[in-house]
2 protein chains.
Amino acid sequence: MPRIQHHRADQTRDRILHAAIREFSEHGLAGARTGAIAGAARVNKALLYYYFRDKESLYAAALEEVAGKVAGDAIAVLELDCSPGERLLRFTLQHFDRNLSRQGFQALMQQEMVRFRAGRSNAMQVIAKNAFEPMWDRAMNLVEEGIGSGELCSVDPMQMMYAALGANVFYFLSAPMVKLIAAINPLDPAAMASRRTTAIEYLGQTIFTDRRRGARLAKAVLAAMPMPENALPERKTA
Amino acid sequence: MPRIQHHRADQTRDRILHAAIREFSEHGLAGARTGAIAGAARVNKALLYYYFRDKESLYAAALEEVAGKVAGDAIAVLELDCSPGERLLRFTLQHFDRNLSRQGFQALMQQEMVRFRAGRSNAMQVIAKNAFEPMWDRAMNLVEEGIGSGELCSVDPMQMMYAALGANVFYFLSAPMVKLIAAINPLDPAAMASRRTTAIEYLGQTIFTDRRRGARLAKAVLAAMPMPENALPERKTA
DNA sequence: TTAGTTAGATTAACCGGTTAGTCAAACTGT
DNA sequence: ACAGTTTGACTAACCGGTTAATCTAACTAA
């Protein structure tokens, strides 16, 4: 269903889609208001139903858009022209930065995970097949390759991923709570920069057979990928 | 506010509260239906408004109930009569098991984190102060104590927590997706048991100055705390 | 004991507002 | 003229919340 739009304006469809992404991110499927989406896209509500079958289809489309972009970016990093270990460090750092600058997107994905676990969600299958499975395969191959060449420690690749990505997710997920009960604010740029550095350096020292090399690569990757400016305001792509 | 109810039945209030916990867990605040809650509690809808001001108050009450129970259990472990390191291992293992057997509760908390981050949620402050701050303080003191006595490595206590708890959260959060794209099912009892063991043993080898001692304590804790039976069906407390 | 009283607990029926979704008319570029 | 787009107006269903009435059981006074 590529939807061959000939002339001008199917940018309208895009405006709707991105307005939907934001609205769904902030309010969830049930909480989102179609009127609000239309308003944000500067479009009449009925137009939503011209481009999308119903609210849930729009939700699914928004989800696929996000997942596609996320997975695409990730795959680009996984196919970079450098050693498996370095690519893994970059992949993890990118994941942190995505949590940082695209908190709405992450929220959308997390909400969908809950929704899917609760039994609903038919969109999940599509996303998994088209977006995340290719990414997943590449990541796993990468780890195997790294272990095979002797660059990486021979531990279960999954455990490695859980530790690295889990810490990122949990950092931002718990941030609002931590801010309330601890002396620090995890969303403060300085705190984030610190955490970002620590996480990658820690990973560098954990997964490489040659720890010296891991530390050096971690530093190099951190230098090559500066932390994104954006913190909270969350503007859209387009 | 103990609510001095003289006679019989204020178990009704409890039925409503637990029905609400489940409904809100599965559908979120906006998605939950008051009618469904009343139905599940075998009670007329109007009775919800007899016991609770409105839907949001009920939601807040459900959240506080969950948070109180979670924090209470955690504090009990943190005050056990053993070394700080062992208590930390137990605390982390308990966290894993809570994710395992109370997935609805965790979903509720995670959704509220998202909600709070998006700006709404007045309940969060209360929960943080009454439930999580005491828990947090005890955990931090514990880590300091452990480092002071030389049992634990002298790393930032927070980084330690992020790695340990983050991996747990991410494991269950990503499980539905992983099930779709990988050959394994992370929610299969065998897989969970494996992950559970690995996580604690890994922590044991990471945070102790004496790694031998860490490994031994991890094994002991795993033996002392068997994995809960329950996997998915999710029955309530009562 | 008991008839009368009171307060809390529970319900059926209903209401007003909101929301997803529709439609026919109007506009636009070619 | 006309297919592709865009819109204001409309509706049917739903949902949170209210109301007035009923029921239950403990309390009270003779």
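FYI, side chains are in, hydrogens and waters are out, and symmetry mates aren't considered; it's all heavy atoms of this structure. Below, read A as the first sequence line, B as the second, and so on, with proteins coming before strands; counting in each chain starts at 1.
Straight-line distance from the OH atom of Tyr51(A) to the P atom of dG21(C): 19 Å, rounded to whole Å.
Distance check, rounded to the nearest 0.5 Å: CD of Glu56(A) to OG of Ser121(A) gives 8.5 Å. The distance from atom CG of Leu142(A) to atom CG of Asp137(A), rounded to the nearest 0.5 Å, is 12.0 Å.
Aromatic rings of Tyr59(B) and Phe52(B) (six-membered ring for Trp) have centroids beyond the 6.0 Å cut-off, not under it.
For dT6(D), the OP1/OP2 oxygens have a side-chain nitrogen or oxygen of Thr12(A) closer than 4.0 Å.
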At under 4.0 Å between heavy atoms, which parts of nucleotides 7-18 of chain D does protein reach? Answer with one letter per nucleotide, 5' to 3': B base, S sugar-phosphate only, - none. BB------SBBB
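Taking a cutoff of 4.0 Å between a charged side-chain nitrogen and a carboxylate oxygen, Asp97(B) and Arg196(B) qualify as a salt bridge.
Put simply, the side chain of Arg15(B) gets close to the backbone of Ala41(B): a donor and an acceptor are under 3.5 Å apart.
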